[in-house]
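I have placed the structure first, in the form of structure tokens, so that the comments after it can refer back to it.
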Amino acid sequence: MSAIEIEAVTKSYPAGRRGSPTPALAGVDLRVEAGGFVSLLGPSGCGKTTLLKAIDGLVPVSGGRIGVGGVAVSGPGRDRAFVFQDFRLLPWRTVLGNVAFPLEGVVRSRAERERIAAEYVEMVGLSEFAGHRPHELSGGMQQRVGIARALAVDPQVLLMDEPFGALDAQTRELMQVELLRIWRLTGKTIVFVTHSVDEALFLSQRVAVFTPRPGRVAAELEVPFAYP
Ligand code: ADP
Ligand code: ADP
């Protein structure tokens with residue numbers, strides 16, 4: 001079963017006060033199976049982030065359709081969660097408070113929110129740091145918090161926008177292995193944006209290679225030597 005179905009999706013950003021509209025996506029077709037790990041690979045500006053935000057329901061498409069779990073995407077929803085390159089943690093909240101944040105409005109009891117959040121903080125290996133604030137953590141640890149926060153609402157799909165792009169090379173490698181562990185543990189469907197061929201081949205089962213802007217999928221590659 002496909003978790004994500006993308007058919008003939010086009011996107012053109014409206015013109016500013018001067019200038020003309022920006023074509024960002026030129027007819028993207030893509031299917032991601034449930035539990036799959038797919039990378040979107042392509043040069044800067046080819047529309048990878050636009051497509052990821054469209055799947056998240058944050059950017060309306062100009063044409064075509066996107067379905068998640070058999071339902072047409074019409075806005076944000078709890079079946080999808082986003083992981084940002086720049087983490088986007090709340091600086092005044094603790095690690096536990098950041099992970100509990102998306103559960104507000106979903107789980108009424110604060111104690112229950114914190115119990116759930118603590119499970120995910122543990123999953124990403126940060127139990128000892130649950131009471132720390134983001135600025136006390138390294139970049140890799142901050143992104144662990146970002147991943148735990150995304151998992152906290154138990155989404156079907158994780159949308160990851162160059163999540164390790166701001167980290168040094170050694171931390172990036174550690175986080176890649178960590179992400180594979182979490183993927184296997186949780187069975188989530190992952191769509192992972194990167195412009196690194198190495199990263200795409202190391203992490204994903206399938207790579208969708210984009211053309212330059214306006215992007216479409218030029219080729220899809222099964223990775224035959226996927227990490228066991
Ligand atoms: P990528 O993630 O592959 O680098 P993006 O999806 O960020 O590509 O951008 C694709 C194209 O759309 C680029 O030309 C970019 O400048 C343009 N674009 C992105 N966001 C906006 C926006 N909010 N308004 C206008 N143009 C945008
Ligand atoms: P920019 O990305 O231009 O620097 P901001 O720093 O104001 O803009 O961040 C807002 C951006 O983050 C918007 O492009 C918005 O679409 C995106 N955004 C906000 N919340 C989410 C979310 N839950 N999932 C995905 N994207 C989000």
Do Leu185 and Leu174 share a hydrophobic cluster (ILVMFWY, side-chain heavy atoms under 4.5 Å, transitive)?
no
Starting from the C-alpha separation in whole Å, work towards a yes-or-no answer on side-chain hydrogen bond (donor to acceptor under 3.5 Å, both in side chains) for Tyr13 and Ser62.
CA-CA 9 Å; Tyr13 286 102; Ser62 309; over 6 Å; no
Short side-chain to backbone donor-acceptor contact, Lys48 and Pro43, under 3.5 Å
yes
Taking only residues two or more places apart in sequence or in another chain, which ones pass salt bridge (Lys or Arg N to Asp or Glu O under 4.0 Å) with Glu162?
none
Identify every side-chain donor-acceptor pair in residues 124-132 under 3.5 Å, counting partners at least two apart or on other chains, and give the distances.
none

Pairing residues for Asp198 by the side-chain hydrogen bond (donor to acceptor under 3.5 Å, both in side chains) criterion, not counting sequence neighbours:
none
Among pairs that include at least one residue of residues 61-71, which meet salt bridge (charged side-chain N to carboxylate O under 4.0 Å, His left out), considering only residues two or more places apart or in two chains?
Glu7-Arg65
Taking side-chain hydrogen bond (donor to acceptor under 3.5 Å, both in side chains) as the test, write out the residues that go with Asp161, two or more places apart.
Thr49
Check for a donor-acceptor pair, side chain of Arg80 on one end and backbone N or O of Asp56 on the other, with a separation under 3.5 Å.
yes
Identify all side-chain donor-acceptor contacts of residues 145-152 below 3.5 Å with residues at least two apart in sequence or on another chain.
| from | atom 1 | to | atom 2 | distance (Å) |
| --- | --- | --- | --- | --- |
| Arg149 | NH1 | Arg88 | O | 2.7 |
| Arg149 | NH2 | Phe87 | O | 2.8 |

With no hydrogens and no angle check, is any side-chain donor or acceptor of Lys11 less than 3.5 Å from a backbone partner on Pro60?
yes
Side chain to side chain donor-acceptor pair (under 3.5 Å) pairs, two or more places apart, involving residues 135-148:
Arg144-Glu178
Throw together a table of side-chain donor-acceptor distances under 3.5 angstrom for residues 66-77, partners on residues two or more places apart or in other chains.
none

Under the 4.5 Å side-chain heavy-atom rule for ILVMFWY, direct or indirect, which residues accompany Trp92?
Leu90, Phe101
Any residue meeting side-chain hydrogen bond (donor to acceptor under 3.5 Å, both in side chains) with Glu119, in chain and number order, not counting sequence neighbours
Arg115
Will you find, in the side chains of Gln205 and Glu222, an N or O donor that is under 3.5 Å from an N or O acceptor?
no
Among residues two or more places apart or on two chains, list those pairs meeting salt bridge (charged side-chain N to carboxylate O under 4.0 Å, His left out) that have a residue in residues 90-106.
Arg93-Glu104
For Thr171, all residues meeting side-chain hydrogen bond (donor to acceptor under 3.5 Å, both in side chains), sequence neighbours excluded
Asp168
